[in-house]
Amino acid sequence: MATPLSHSSLSPLRTIAVVGLGTMGTGIAEVLARAGRDVVGIDVSEAQAATAVAALESSTARSVERGRLTEQERAEALARVRTSTDLREAADADLVIEVVPESYEIKQQVFRELDGIVRPETILATGTNALSVTRLAAESSRPERVLGLHFFNPAPAMKLVEVVSSVLTSPGAVAAVTDLALDLGKEPVAVGDRPGFVADGLLFGYLNQAAAMYEANYASREDIDAAMRLGCGLPMGPLALLDLIGVDTARTVLEAMYTASHDRLHAPAPILRQLSEAGLTGRKAGRGFYTYEAPGSAIVVPDALTPKAGDTPVPGRPVRSVGVAGSGTMASGIAEVFAKAGYEVVLAARSAEKAQTAKARIGKSLARGVDKGRLTAEAAARTLERITPTGTYDDFADVDLAVEAVAEDLEVKRQLFTTLDKVCKPGAVLATTTSSLPVVACARATSRPQDVIGMHFFNPAPAMKLVEVVRTVLTADDVHATVREVCAKIRKHAVDCGDRAGFIVNALLFPYLNNAVKMVQEHYATLDDIDAAMKLGGGYPMGPFELLDVVGLDVSLAIEKVLHREFRDPGLAPAPLLEHLVAAGCLGRKTGRGFREYARR
C-alpha cells in the first residue's frame, strides 16, 4: 500500500550509474546531472552512448535558450556525465538504475553482473514498468537492495517517480531513493510490486480498449483521439500515445498485466500484435496507428486512412431554427450555444416557469461572458433575444432541428420522442443528447426513425468543444450530414460513432475510473497517490477520484452498469466500493461526501 513519504537525511546518493542509454536512460542521466549528481552512462553500444551524449548536449542547449539553465550550469552538468560500454564502470556507484529493454533475461543478466561489480551497500534500481521487481530482486545476491524506480517519459519534464518495493526491499533503500527523487524535484509515490504499478496500471488498460475500439472499426483513429482530448482534456489521444510509447512496448506491458490479472481488459488487442510483428511500432519506426514524416519524427503525414476534408457524400438539410427540450444545465447550455451561433431557439420545458428559469440561467451565463471580455453586451443581448421560452412542445412545430436534453431515463425520452414525432414538421431532424442510452430506442418511438440521431454534448456545453454524433442503423445519410454541418456552424468538433453503450468517451473513461476504484478497494494505493500519479504521470487534468466526485458517484455507477450490461465483460463489473458508497448516499461533491469530504456551501 502506498504511504506518505517524508524527506529524510539518509545516505546521499552522489554517484549514479545509468545502464541503458535509450530515450529514457538519457533523460534520467540529464535529470541527475542537472541536480548535481555524477553520472556514469553505460550502454553496450558505443554508437548509442554517443547518441546519448549528443542528445544531452542538444537538450541542455535548448534549456539555455529558454532561460532554464545558464551556460555555466549547462557546462557543469555535461561535465558530470561520462559514458562507457563497460558495466565495470559502475563499481563506485552509490545507485545503479537500469533501463535496458523490457526482458527478464536481459535485466537479470545485468543484475547478475552488477552483483560482482558494485559495493555491498549499492542500491540497484530497475526502471521497469511491466516486469516483476520481486522476480528481478530474487535473482540478485542482495535482494534487499533492489527496488523499482519508475520515471516517466520525458524524464526531465515529468514530475512523477514511482518507488516500487518488493517484499524483500529494505526500508532504508526505499528512503534513500525517495530522498533522491525529492532532491531531483520529482514527486515520489510509493507503490507495491504489480505490473504497471499505479499510473501505467490504469493507463494501459485504457490504451488497450482504445486500440480494440479502433480495430472493431467503431470509430476512426482521428475521432477516437479527438474525443479523448476534447472530452477529457487529455494532452494526447490514446492511439497517438500508443505510437509515442511504442506499440511493441505497450504490448509487452499488457502481456505482463494480463499474466498477473487475467482481466480481459488487459489482454492485448490483436491489432497491437499485428502492428508489432509488422514492425509498425509507432513514431520510432515512422509508422504505427499513424504515419510519420520519418522514423523518430512527431509530424503526422496523411496516408490512405486520413479523412479527406469536405468529403461528404450528401448535402444536409437546411437548419434555421432549433428546438431544445429540457430546463436543466445541459438544456440551457445547448440553447446558449445555438443562439450564440445565430440560430433562432425555442426552449421548451414542462412548464413556462421552468423555461423562463432556464432562460434566466442563460442570461447569467452570458453576463459572465461579458464580464470576462468574451463577448460584448450587445452580442449577449442579441443572443438572449433569439431564445423563446415556452411551456409546450407544440411550439416546436416549425423548428428544423429538435434536440432533447431531458432526464437520462429511457421511458421519459421515448415519451418525449413520441410527442416530437407528432408536433415537429416532416423533415425535421430529431436529436437526443443521451450519454448512455440506445439512440435507436428513441428512434423507434417515432414514425420516422431515419430522422433520429444522437448529439452528445459535454457539460458545460458552451465551454466543451466536443459533440459525439451517433448514427443508428436507421439514420438517413442526409440527417447525419445535417448534424455535421450544424456542429461546424456552432463551432463544435464532431466525432462519428455507432449506437452502442458509452459511445467513445464514456466507453473508454469509465472502465479506467472503475479500475482506479478497484486499486483503492484492494488497498494497493491511496486516493491521493492515485490522483497524483495520473495527473503527474499521465497528464490528466484531474485525478480519477477528483473526477468521480465531480461527475457524481451515482451517475458513474449508472454508466458503468450500462457498459457492463452491453459488453458482458466481467472486468467492467462496477467495483463493490463504488456501489457501497452510492448505497450510503455518498454521491460526491453534490452531497458533500464521495471518495472525499467537501465543505458544505
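Source: prediction; values computed, not measured.
Judged by distance alone, the side chain of T291 and the main-chain N or O of R287 form no donor-acceptor pair under 3.5 Å. With hydrogens and angles disregarded, no donor-acceptor distance shorter than 3.5 Å links the side chain of D529 to the backbone of V189. Distance alone, capped at 3.5 Å, is enough to place a donor-acceptor pair between the E162 side chain and the V198 backbone. Listed for the S276 side chain is a donor-acceptor partner under 3.5 Å among the backbone atoms of L272. A distance-only check finds a donor-acceptor pair linking the side chain of Q48 to the backbone of L21 [under 3.5 Å]. Between the D303 side chain and the T306 main chain, a donor and an acceptor come within less than 3.5 Å of each other. Of the possible donor and acceptor atoms, one in the side chain of T122 sits under 3.5 Å from a partner among the backbone N and O of A93. Side chain of S59 to main chain of L56: no donor-acceptor pair is present (N/O by atom type, distance under 3.5 Å, no hydrogens or angles). A donor-acceptor contact shorter than 3.5 Å is absent between the side chain of E187 and the backbone of A532. Side-chain N or O atoms of R568 include one that pairs as donor or acceptor with a backbone N or O of R565 at under 3.5 Å.
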Q: Evaluate the side chain to side chain contact (heavy atoms under 4.5 Å, CB included) criterion for residues V118 and R142: first the C-alpha distance (whole Å), next the side-chain angles of each, then the deciding distance (0.1 Å), finally the verdict.
A: CA-CA 11 Å; V118 300; R142 48 177 79 89; 3.5 Å; yes

Q. Could you go step by step and tell me if R471 and D477 meet the side chain to side chain contact (heavy atoms under 4.5 Å, CB included) rule?
A. CA-CA 9 Å; R471 291 189 72 155; D477 287 344; 2.6 Å; yes

Q. Step by step, would you call M236 with M228 a side chain to side chain contact (heavy atoms under 4.5 Å, CB included)?
A. CA-CA 8 Å; M236 290 183 84; M228 297 315 290; over 6 Å; no

Q: Show your reasoning for whether salt bridge (Lys or Arg N to Asp or Glu O under 4.0 Å) applies to E30 and R34.
A: CA-CA 6 Å; E30 179 182 339; R34 286 175 62 163; 3.0 Å; yes

Q: Quick one: do F567 and R500 satisfy side chain to side chain contact (heavy atoms under 4.5 Å, CB included)? Show the steps, please.
A: CA-CA 9 Å; F567 296 107; R500 73 180 201 189; 3.6 Å; yes

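Here the side chains of I271 and F289 are in contact, with some heavy-atom distance below 4.5 Å. Between V19 and E89 there is no side-chain heavy-atom pair separated by less than 4.5 Å. Contact check for D200 versus F152: side-chain heavy atoms found under the 4.5 Å cut-off. Proximity of L149 to I123: side-chain heavy atoms (C-beta onward) are nowhere separated by under 4.5 Å. In this structure, the side chains of F151 and V99 stay at 4.5 Å or more apart for every pair of heavy atoms. Between P544 and I530, some side-chain heavy-atom pair lies under the 4.5 Å cut-off. In this structure, E144 and L168 have side chains that are not in contact, with every pair of non-hydrogen atoms separated by 4.5 Å or more. Looking at heavy atoms from C-beta onward, S166 lies out of side-chain contact with V146 at the 4.5 angstrom threshold.
Side-chain contact, T134 with R194: no donor N or O sits under 3.5 Å from an acceptor N or O. Inspection of the S132 and D193 side chains reveals an N or O donor paired with an N or O acceptor under 3.5 Å. For the residue pair Y258 and N208, no side-chain donor N or O sits within less than 3.5 Å of a side-chain acceptor on the partner. E105 and Q109 form no side-chain donor-acceptor contact under 3.5 Å, judged by distance and modelled atom types alone. If you check the side chains of T249 and T252, you find no donor sitting under 3.5 Å from an acceptor. Checked by atom type, the side-chain pair S63/T60 shows no donor-acceptor distance below 3.5 Å.
A salt bridge links E98 to K107: at least one charged side-chain nitrogen sits closer than 4.0 Å to a carboxylate oxygen. Ionic pairing of E65 and R62 is not present here: no N-O contact between side-chain nitrogen and carboxylate oxygen is shorter than 4.0 angstrom. Under a 4.0 Å N-O distance rule, the pair E277/R251 qualifies as a salt bridge. For the pair D183 and R37, the salt-bridge criterion is met [side-chain N within less than 4.0 Å of a carboxylate O]. Contact check on R145 versus D115 returns no salt bridge, with no Lys/Arg side-chain nitrogen under 4.0 Å from an Asp/Glu carboxylate oxygen.
Minimum interatomic distance between T126 and V133 (heavy atoms only, all atoms of both residues): CG2-CG2, 4.0 Å.
Atoms OH and CG, on Y290 and L244 in that order, are 12.5 Å from each other to the nearest 0.5 Å. Here L508 contributes atom CG and Q209 contributes atom CD; the two are 6.5 Å apart, rounded to the nearest 0.5 Å. F458 CZ to S435 OG: the interatomic distance, rounded to the nearest 0.5 Å, is 8.5 Å. One distance of note links CG of L180 with CD1 of I97; it measures 6.5 Å at 0.5 Å rounding.
For D243, the side-chain hydrogen bond (donor to acceptor under 3.5 Å, both in side chains) test picks out Y292, with sequence neighbours left out.
Shown here is E46, whose CD atom has no more than 12 heavy atoms of other residues, nucleotides or ligands within 6.0 Å.
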